[in-house]
Amino acid sequence: MNDLELLVQSATEAFVAAATPADLENAKARFLGKSGSLTELLKGMGALSVEDKKTRGAAINQAKQQVEAALTARRQALADDELALQLRAESLDVSLPGRRRGEGGLHPVSLTLERMEAIFGSMGFAVADGPEIETDWFNFTALNTPEDHPARSMHDTFYVEGGNLLRTHTSPMQVRYAVQHVKQHAEAVGRGERIPEIRVIAPGRTYRVDSDATHSPMFHQCEGLWIGEAVSFTDLKAVFADFFRNFFETDDLDIRFRPSFFPFTEPSAEVDIAFASGPLKGRWLEVGGSGQVHPNVVRNFGLDPEKYIGFAFGLGPDRLTMLRYGVNDLRLFYEGDLRFLSQFQ
Ligand code: PHE
């Protein structure tokens, strides 16, 4: 083997031994680089005779072509390996079942609120929304509960700056909504004309300093208000009958009014329901408060209590949710445990 054949052979071996493109480029430099062995051979030709230059030159060129061919072959091989590796790593098994993104869902209490809005909506009730941070006026005073009224002690709550508080019930929405409604019909009121009935529910969050299996410091209420010229307790009972039968999807259900006291209604009644069948059969369950709106409150609406009369009620959506799904600890709703919450989807 002459020197050129040896050189081609060692170049080829070096290229094959190169495991990475970087190794290969290093090997290439050793043979074809500026001071590589082939380059050095070409440089050394200056000393040869013209005749020898021809034959030696041709031989070196041929060796160079062989080295370059070996280099190209190895480059291709390395690129092929890399591609094969990548294909294997990124291979896609199209027969695998798809991976699902976890779907969100509504909280059980939100489901109840939506249900309440739909059912009351079908009875002609508008839905109103109001602030959770409330003034003393709307939460108490306008509702016939002045500063030193003993009923305030049952509504201990969280106070924030400026004397405002986290509302203890949704009843302030009675006043907010009615005042707005009266303002909208101010001209008719001014002319002594009758204005359209007020028929609204106001669901939302409420707050009290209470915490046990059936009380949470944050809970929900759904206020209801129906004011007109001759809206009576009979209408209230009909509304409740319709609502509860729809809500619980059963006609086997009794409703009773139990005399009670609220400063803003007179007379007042606690509302109980009892199922005629099922696990709670025959047990009276308290689901809300209600009553005929007190004349002082009607006056705070901006209306004449001699002309306008009606009822208000406050239902407990958390309680209704517990009854509907058979949940016995209210706290489960607010722990954020997905194992519990996902059961309602
Ligand atoms: N706001 C009362 C409560 O939280 C419930 C209620 C509302 C009673 C409307 C009568 C009329 O206890």
Side-chain angles (χ1 to χ4, degrees), residues 113-146 155 164-206 220-240 242-243 262-269 271 288-317:
L113 294 177
E114 285 201 341
R115 213 172 151 70
M116 295 180 85
E117 290 174 16
I119 298 170
F120 280 113
S122 76
M123 293 188 247
F125 283 78
V127 179
D129 228 350
E132 289 169 33
I133 297 177
E134 196 43 285
T135 62
D136 188 274
W137 166 258
F138 283 116
N139 197 81
F140 292 123
T141 312
L143 292 166
N144 204 31
T145 317
H155 285 230
N164 294 329
L165 47 94
L166 297 190
R167 64 179 181 186
T168 58
H169 49 180
T170 43
S171 298
M173 281 306 293
Q174 289 181 31
V175 190
R176 283 187 180 274
Y177 187 86
V179 164
Q180 199 60 38
H181 181 86
V182 171
K183 215 193 254 171
Q184 250 168 38
H185 299 92
E187 285 182 21
V189 175
R191 288 194 298 268
E193 290 166 18
R194 296 287 183 184
I195 61 168
E197 286 189 347
I198 294 171
R199 207 185 298 178
V200 67
I201 59 162
R205 279 185 282 268
T206 48
H220 295 83
Q221 283 198 343
C222 180
E223 197 73 12
L225 179 67
W226 186 350
I227 298 287
E229 291 168 43
V231 182
S232 73
F233 247 89
T234 318
D235 300 306
L236 175 56
K237 188 154 190 186
V239 165
F240 276 157
D242 241 26
F243 171 73
F262 300 103
F264 35 92
T265 47
E266 179 60 37
S268 304
V271 188
S290 66
Q292 184 175 306
V293 179
H294 194 287
N296 288 349
V297 178
V298 175
R299 219 168 277 126
N300 287 333
F301 290 168
L303 293 171
D304 179 357
E306 296 294 328
K307 289 187 190 157
Y308 292 92
I309 191 165
F311 60 76
F313 58 84
L315 295 173

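Atom set for the values below is all heavy atoms of this structure, side chains included, hydrogens, waters and symmetry mates excluded. The first residue of the sequence shown is numbered 1, and numbering continues consecutively from there.
Judged purely by atom type and a 3.5 angstrom limit, Ser290 uses its side chain to pair as donor or acceptor with the backbone of Ala269. When atom types are taken as modelled, the side chain of Asn139 and the backbone of Thr168 share a donor-acceptor pair closer than 3.5 angstrom. A donor-acceptor contact shorter than 3.5 Å links the side chain of Ser268 to the backbone of Phe262. A distance-only check finds no donor-acceptor pair linking the side chain of Glu132 to the backbone of Leu166 [under 3.5 Å]. At distances below 3.5 Å, at least one donor-acceptor pair connects side-chain atoms of Thr135 with backbone N or O atoms of Phe138.
Taking both residues in full, the closest heavy atoms of Ile195 and Val189 are given as CG2-CG2, 3.5 Å, listed atom of the first, atom of the second, then distance. In plain terms, the two heavy atoms of Arg167 and Pro172 that are nearest each other are CB-CG, 4.4 Å. When all heavy atoms are compared, the tightest approach of Pro317 to Cys222 is CD-N, 3.7 Å. Of all heavy-atom pairs between Asn300 and Ala142, the closest is ND2-O, 2.8 Å. Nearest heavy-atom pair, Ala312 versus Gln174, reported as atom, atom and distance to 0.1 Å: CB-NE2, 3.3 Å. Among all heavy-atom pairs drawn from Ile133 and Asn164, the shortest one is CG2-CB, 3.8 Å.
Heavy atoms from other residues, nucleotides or ligands lying under 6.0 Å from CD of Glu193 number more than 12.
Among residues two or more places apart in sequence or in another chain, the ring-ring contact (aromatic ring centres under 6.0 Å, His included) test is passed with Phe140 by none. Applying the ring-ring contact (aromatic ring centres under 6.0 Å, His included) criterion to Phe120, with sequence neighbours excluded, gives Phe125, Phe243, Phe313. With sequence neighbours left out, the ring-ring contact (aromatic ring centres under 6.0 Å, His included) criterion links His169 to His155, Phe264.
The line from OG1 of Thr145 to CG of Asp136 is 9.5 Å long, rounded to the nearest 0.5 Å. Here the CG atom belonging to Asn296 is positioned 12.0 Å from the OG1 atom belonging to Thr141, to the nearest 0.5 angstrom. Taking CD1 of Ile201 as the reference point, atom CE of Met116 lies at 6.5 Å (rounded to 0.5 Å). Taking NE2 from His220 and OG1 from Thr170, the interatomic distance works out to 11.0 Å, rounded to the nearest 0.5 Å.
For Arg194 and Tyr308, the positive end sits near the middle of the six-membered ring, less than 6.0 Å away and at most 45° from its axis.
Every pair passing salt bridge (charged side-chain N to carboxylate O under 4.0 Å, His left out) that includes a residue from residues 168-180 is listed here, sequence neighbours excluded: Glu134-Arg176.
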Validation: residues 177-186 side-chain donor-acceptor distances under 3.5 Å, sequence neighbours left out:
from   : atom 1 : to     : atom 2 : distance (Å)
His181 : NE2    : Pro196 : O      : 2.8
His185 : ND1    : His181 : O      : 2.9

Without placing hydrogens or testing angles, list every side-chain donor-acceptor pair under 3.5 Å for residues 225-240, not counting sequence neighbours.
from   : atom 1 : to     : atom 2 : distance (Å)
Trp226 : NE1    : Glu197 : OE1    : 2.8
Ser232 : OG     : Thr234 : N      : 3.2
Ser232 : OG     : Thr234 : OG1    : 3.3
Ser232 : OG     : Asp235 : OD2    : 3.4
Asp235 : OD2    : Ser232 : N      : 2.8

